[in-house]
Amino acid sequence: MPTYGKGLRGLSIITLTTVVAALALVFFYAPLDANQGFIQKIFYIHVPLAIVSLCGFVFGGILAVMHLRTGDRRYDMRSYVAIHMSLIFGVGGLITGSIWARASWGHWWVWNEPTLVSYLIVLLMYATYTPFRFSIEDPERQGRYASVFAIVAGAFVPLNFLAVRLAQQYVHPRVLTLSGGNLPGPMALTFYVSLLGVTLLFVTLWKYEMAAKNTRIQMRSLRRRLLGDDEIRPPQRSAAPSL
Amino acid sequence: MTVLGIAPALPLHAAGKYVAGAYVVFVLLILIYVTIMAVRLGRMERQLVELNRDLARRDETMTTDPERERDAGGDPDARREPAPMSGAGRPGDSPL
């Protein structure tokens, strides 16, 4: 069985350093935006959270492909944790974006803005992932069906992103473009350090949760071997994969 | 002179509460997540203590049983149950 806790301490220190550096850059280095002023500082946390959550959903889909290809249920566990983490980051992105919208547009939510609505659709779709898993009792079927869900939903994320990019009418700012973006040097540096910090945070928390789940599974198996199957009550029905 | 002393003043007048709100949401999410994980870790620790207690109890039974057998005149090796875990049956050994 793999050990996910390996290197977690070093990774945590690097993550903490990067996040603190990013916050220092945001508040003491990046210049104020000429149009938006201080509100634009929300951008350095909102955009990385949204990007990392969407990438996490795609990562979960890739791991689900690996699960279906190999039949190894550890990939199902990795996919489950990646989607679970992405959902948390996604909620963070949604709330911080809503706060920015209130400050900038005067509304918490704008229904005719494709970027916002499409992001909400993606999040609501993934919000059904855990109840969907929970509804299937047989662990084998649960893993397979959840992987199919993760692949289809994971493929929907980039398609959805492209569709929104092609939309003609939008009020949501387009900061990152194929032509290199509209950010001046210090703002770009701050943004990329923030993006790195949030990415590292995702990886650290993913590893942390994988280590916790792995330890719990190993302990249950040890208990079963020690006391025999009769004395262990069957594991409760759960949305989380059981190896 | 501290770092905060030389840092430029932040324009917190109008937009300050929104920016602070956004970053507080971020920190709160992380804190809630870490708290949930800490509760789970505490539960796991309790299970581990329980597991160690069960193991100690099993070891105790295994060391006292042969004496009882000898008193009764039976063969201790023939009636002893095999250890369910390889290498974990010796006193002082921990499977963890």
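Note on naming: letters A, B, ... go to the chains in the order of the sequence lines (proteins, then strands), and numbering restarts at 1 for each one. All heavy atoms count here, side chains included; hydrogens, waters and symmetry mates do not.
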Closer than 3.5 angstrom, by distance alone: can the side chain of Ser79(A) be matched with the main-chain N or O of Tyr75(A) as a donor-acceptor pair? no
Would you say the side-chain atoms of Ser221(A) pair up with the backbone N or O of Ile217(A), donor to acceptor, closer than 3.5 Å? no
* To do: For the residue pair His84(A) and Tyr80(A), categorise the inter-ring angle as parallel (less than 30°), tilted (30 to 60°) or perpendicular (more than 60°).
  => parallel
Residues passing the ring pair (Phe, Tyr, Trp, His ring centres under 6.0 Å) test with Tyr18(B), sequence neighbours excluded, are none
Pairing donors with acceptors under 3.5 angstrom, does anything connect the side chains of Trp100(A) and Gln36(A)? yes
Honestly, the part of Ile30(B) sitting under 4.5 Å from a heavy atom of chain A is side chain
Under 4.5 Å to a heavy atom of chain A? For Val19(B) that would be both
Would you mind checking if Arg73(A) and Asp76(A) are paired as a salt bridge, meaning a charged N to carboxylate O distance below 4.0 Å?
-> no
In terms of heavy-atom pairs under 4.5 Å with chain B, the winner among Val19(A), Ile99(A), Thr96(A), Ile88(A) is Ile99(A)
Checking heavy-atom separations under 4.5 Å from chain B, one finds in residues 201-209 of chain A Leu201(A), Leu205(A), Tyr208(A), Glu209(A)
Applying a strict 4.5 Å limit to non-hydrogen atoms, the region of Tyr44(A) in contact with chain B is both
Assess whether a salt bridge exists between Asp33(A) and Lys41(A), defined as any Lys/Arg side-chain N lying under 4.0 Å from an Asp/Glu carboxylate O.
no
Practice problem: Mark yes or no for whether His46(A), through its side chain, and Gly93(A), through its backbone, hold a donor-acceptor pair below 3.5 Å. | Solution: yes
With chain B, the option among Gly37(A), Ser98(A), Ala103(A) that has the most non-hydrogen atom pairs under 4.5 Å is Ala103(A)
